[in-house]
Trainee: 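Have a look at the structure that comes next, please.
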Amino acid sequence: MLMDKYEKQLKREKQLYDKNHSEDFDSTFSNDPINEASIDYEAWTEFFSYYRYYIDEFAINILHVDLFPFQRVILRAMGRGQFSCLIACRGIGKSWIVCLFYVCVSILYPGLKCGIASGMSQQSRNVIIQKLKGELSKNETIAREINFPIRTGADDCYTEFKGGSEIRAITLAQDRGGESARSWRFHYLLIDEARLVKDDIIETILIPMTKTKRPNALKWKQNEKGKVIFISSAYLKTSSLYKRFKYHYEQMIDGNKNYIAMCFPYQVGIQAGLFGEDDIEQELSKPSMTKDKFAYEYEGIFVGSSGESYFPYELTNECRVLERPELEQPKKSNSIYIITHDVAVSDAKGSDNACTHVIKLKPRPDGTYLKQIVFTKVVNGMPLNKQRDMLRELLHLKFPNTDRILVDAQGAGAGLPSLFYESWEYRDERTGKVTEYPPLIQDDDEVGIKTIEGALPIIRAIHGMNNFVNLYYPYMKACFENHTLELLKQSEEIDSLYKQGQLTLDKYEQYIQHDILQSELSNIKQDFTNAEKMTYTRIVKSTKRDRATSLMYGLSICCEMENENKNKIYKKQTKINVSSLTALARKPKLYSH
């Protein structure tokens with residue numbers, strides 16, 4: 001009797017202890033049952049088998065997470081496929097739904113190791129910091145399964161579950177070939193912002209991480225395979241992501257159940273109420289938003305040039321290699337700069353823009369130059385005198401090594417060259433000091449050179465008639481083909497630097513301008529008039545080409561300078577050859593006796 005009473009008292013104390021700890025999510029006992037019962041192995045086997053197959057129902061029925069239909073489709077597909085590729089618009093919650101998937105499988109598969117890698121250094125940690133710690137861990141049922149605290153350190157960011165599973169974010173360090181990630185092993189791997197992860201890193205480092213099986217799978221000889229999940233917005237057809245998505249899609253429609261390809265445009269987000277049409281219209285109206293960028297970021301469309309394009313993405317993308325813009329020339333720079341300017345003055349809606357490029361020239365041994373577009377500025381509705389002042393500031397204050405300024409001298413720009421024919425004063429607002437700069441005249445104005453004292457003949461007036469265009473668009477194409485023309489890298493590649501405050505807005509905008517320039521170039525096609533004369537027109541007539549035109553103007557003087565350099569090299573070599581032959585002719589003959 002006494003023993004029975006003692007055992008009952010112990011049982012009540014244990015129940016009270018377990019109940020108290022069940023509310024303490026930091027306790028390792030928080031997911032232990034309050035009332036013990038014998039285990040029905042057959043029922044639990046059926047439970048796990050069912051919810052592993054219908055993982056979306058596990059999230060709804062067991063974790064009590066509300067899901068939209070499209071989110072259920074994503075969860076169920078990832079639960080069944082070995083390789084999943086999810087393309088979705090910005091703001092639709094790609095990272096959140098994959099994080100929820102990780103939580104579900106971490107509970108359903110004890111001992112599972114889930115990894116997160118990203119094309120952006122901070123993004124992989126953000127999945128844990130923002131989606132798991134910031135949102136999902138607030139769910140009481142999920143919290144019971146987590147061993148708190150959730151670690152969010154730069155080099156140690158992970159979450160442990162009480163069943164032995166783990167979700168961990170890793171750093172790729174793509175600039176070092178991803179070597180810092182090579183030692184990790186995971187059963188499931190999420191590659192976030194996959195469009196920015198280099199293909200060789202994916203194939204040689206990331207995918208091989210998933211070859212290790214769970215200990216339970218090895219113990220019970222289960223046929224479990226690792227999973228790799230790619231999530232991203234769409235991108236260019238020249239990217240490796242497009243080839244990967246296309247391969248996933250082709251495998252899926254051929255009946256290969258290991259591959260999943262899904263795409264969700266912005267309309268899905270509107271239908272679900274995640275954002276409204278006004279939000280989309282606001283994105284469209286942003287100055288930095290181009291038609292191509294909207295297509296791949298919000299419509300889920302991989303963007304590529306028309307088959308008619310004279311400057312297809314496949315051509316220009318290989319020249320998007322320039323790491324940093326220059327808002328002014330570096331100190332002690334010996335490089336030559338060219339300033340090129342396409343004129344527009346109207347401020348009417350939909351009117352053309354005035355566009356300025358600064359081209360940095362680096363000499364090559366063969367007389368040509370490596371031509372780097374280091375600065376771009378676009379303005380709308382600026383009068384000619386203000387455009388003159390802007391070009392003067394670039395020349396005298398920002399890029400004093402400028403050799404030539406090329407200006408559009410036809411149409412609206414006809415009056416611009418003459419505005420340089422007088423001295424120009426600049427007042428430093430900080431110090432109040434006034435500096436006077438000499439007149440600038442056209443480089444072919446022989447009268448002006450003789451009569452205007454101190455004038456600098458560095459203005460080249462461009463009359464871009466059809467013959468001019470027919471000469472220099474092919475030259476521009478040749479520069480892309482031989483990689484002597486370099487544009488800034490895609491803005492997508494440095495977006496994380498800007499968001500982390502490592503890049504100023506002024507510099508970030510330079511990358512966006514080159515995105516637009518590349519888009520304008522892709523819209524140009526070679527055509528023939530009714531008179532069988534060659535011309536270059538726009539494929540989509542409503543799309544402007546101010547940036548492309550300004551670049552062509554600037555490259556015209558580069559072509560001229562390269563031809564002069566080659567002629568000098570040729571004359572020098574010819575002179576050396578003639579001297580050698582003359583010396584050989586004068587050399588006395590030797591006769592043997």
Side-chain angles (χ1 to χ4, degrees), residues 326 328-329 333-343 345 354-363 367-369 371-375 377 382-426 434-465 467-469 471-472 475-476 549-569 571:
E326 293 181 15
E328 58 184 332
Q329 74 179 46
S333 172
N334 294 319
S335 297
I336 300 171
Y337 291 87
I338 301 295
I339 298 174
T340 175
H341 183 69
D342 183 31
V343 177
V345 295
C355 177
T356 308
H357 295 297
V358 177
I359 306 173
K360 185 175 187 175
L361 302 183
K362 293 184 175 180
T368 62
Y369 294 99
K371 299 163 281 288
Q372 299 176 326
I373 317 304
V374 295
F375 178 84
K377 185 170 184 176
M382 180 181 283
L384 285 181
N385 64 323
K386 296 294 184 183
Q387 293 185 43
R388 182 269 319 271
D389 293 343
M390 179 185 71
L391 294 172
R392 281 277 197 172
E393 287 186 21
L394 282 175
L395 167 66
H396 302 303
L397 307 179
K398 303 294 185 182
F399 298 94
N401 285 7
T402 296
D403 181 81
R404 211 72 58 95
I405 300 177
L406 292 94
V407 295
D408 174 15
Q410 60 182 359
L416 182 58
S418 63
L419 296 181
F420 291 94
Y421 271 61
E422 57 186 22
S423 60
W424 180 76
E425 293 183 351
Y426 173 77
V434 176
T435 305
E436 183 176 324
Y437 295 95
L440 307 178
I441 63 175
Q442 294 186 43
D443 57 1
D444 60 352
D445 185 354
E446 296 180 2
V447 175
I449 293 172
K450 295 177 181 178
T451 60
I452 303 177
E453 185 178 353
L456 302 177
I458 65 171
I459 301 294
R460 172 67 63 89
I462 299 294
H463 300 275
M465 305 304 289
N467 289 340
F468 182 90
V469 173
L471 181 61
Y472 293 113
Y475 171 73
M476 186 193 297
T549 301
S550 178
L551 177 57
M552 177 190 63
Y553 290 165
L555 290 177
S556 68
I557 193 69
C558 297
C559 179
E560 184 179 305
M561 293 168 67
E562 288 178 339
N563 287 335
E564 290 175 359
N565 292 342
K566 290 175 181 178
N567 286 335
K568 289 178 182 178
I569 293 173
K571 288 179 181 179

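Being a predicted model, the structure only gives us computed values, none of them experimental.
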Trainee: Measure the OG1-CG distance between Thr368 and Leu361 for me, rounded to the nearest 0.5 Å.
Mentor: 10.5 Å
Trainee: Roughly how far, to the nearest 0.5 Å, is the CE atom of Met476 from the SG atom of Cys558?
Mentor: 10.5 Å
Trainee: Quick one: are Ile405 and His341 in side-chain contact, heavy atoms under 4.5 Å?
Mentor: no
Trainee: Applying the side chain to side chain contact (heavy atoms under 4.5 Å, CB included) criterion to Leu416, which one of Asn385, Val345, Val343 satisfies it?
Mentor: Val343
Trainee: Using modelled atom types and a 3.5 Å cut-off, is there a donor and acceptor pairing between side-chain atoms of Thr340 and backbone atoms of Ser550?
Mentor: yes
Trainee: Scan for side-chain hydrogen bond (donor to acceptor under 3.5 Å, both in side chains) pairs involving residues 407-422, sequence neighbours excluded, and state none if there are none.
Mentor: Tyr421-Asp445
Trainee: Measuring only between side-chain heavy atoms, which start at C-beta, is Asp403 closer than 4.5 Å to Ile338?
Mentor: yes
Trainee: If we only count heavy atoms from C-beta on, is the Ser423 to Glu425 side-chain gap below 4.5 Å?
Mentor: no
Trainee: Taking only residues two or more places apart in sequence, or in another chain, which ones meet Glu560 in a salt bridge (charged side-chain N to carboxylate O under 4.0 Å, His left out)?
Mentor: Arg460
Trainee: Got a donor-acceptor contact below 3.5 angstrom from the Gln387 side chain to the Met382 backbone?
Mentor: yes
Trainee: Any non-hydrogen side-chain atom of Ile359 less than 4.5 Å from a side-chain atom of Leu551?
Mentor: yes
Trainee: Going from CG on Leu406 to CG on Asp443, what distance comes out if it is rounded to the nearest 0.5 angstrom?
Mentor: 8.0 Å
Trainee: Name the orientation class of the two ring planes belonging to Phe399 and Phe375 (parallel below 30°, tilted from 30 to 60°, perpendicular beyond 60°).
Mentor: tilted
Trainee: Donor-acceptor pairs under 3.5 Å, side chain of residues 446-458 to any protein atom, not counting sequence neighbours: which ones?
Mentor:
residue : atom : partner : partner atom : Å
Thr451  : OG1  : Val447  : O            : 2.8

Trainee: Can you confirm whether Phe468 sits close enough to Tyr553 that some side-chain heavy atom of one is under 4.5 Å from a side-chain heavy atom of the other?
Mentor: yes
Trainee: Output the distance between atom OG (Ser335) and atom OH (Tyr369), rounded to the nearest 0.5 Å.
Mentor: 11.0 Å
Trainee: Between atom NE2 of His396 and atom OG1 of Thr435, what is the distance when rounded to the nearest 0.5 Å?
Mentor: 10.5 Å
Trainee: To the nearest 0.5 Å, what is the distance between CG (Leu391) and CD1 (Ile459)?
Mentor: 7.5 Å
Trainee: Are the side chains of Leu395 and Tyr337 in touch, meaning some heavy atoms are under 4.5 Å apart?
Mentor: no
Trainee: So, Gln329 side chain and Asn401 main chain: donor-acceptor pair closer than 3.5 Å or not?
Mentor: yes
Trainee: Determine, step by step, whether Arg392 and Tyr437 satisfy the side-chain contact (heavy atoms from CB on, under 4.5 Å) criterion, reporting the C-alpha distance in whole Å, the side-chain angles of both residues, the deciding distance to 0.1 Å, and the verdict.
Mentor: CA-CA 9 Å; Arg392 281 277 197 172; Tyr437 295 95; 3.9 Å; yes
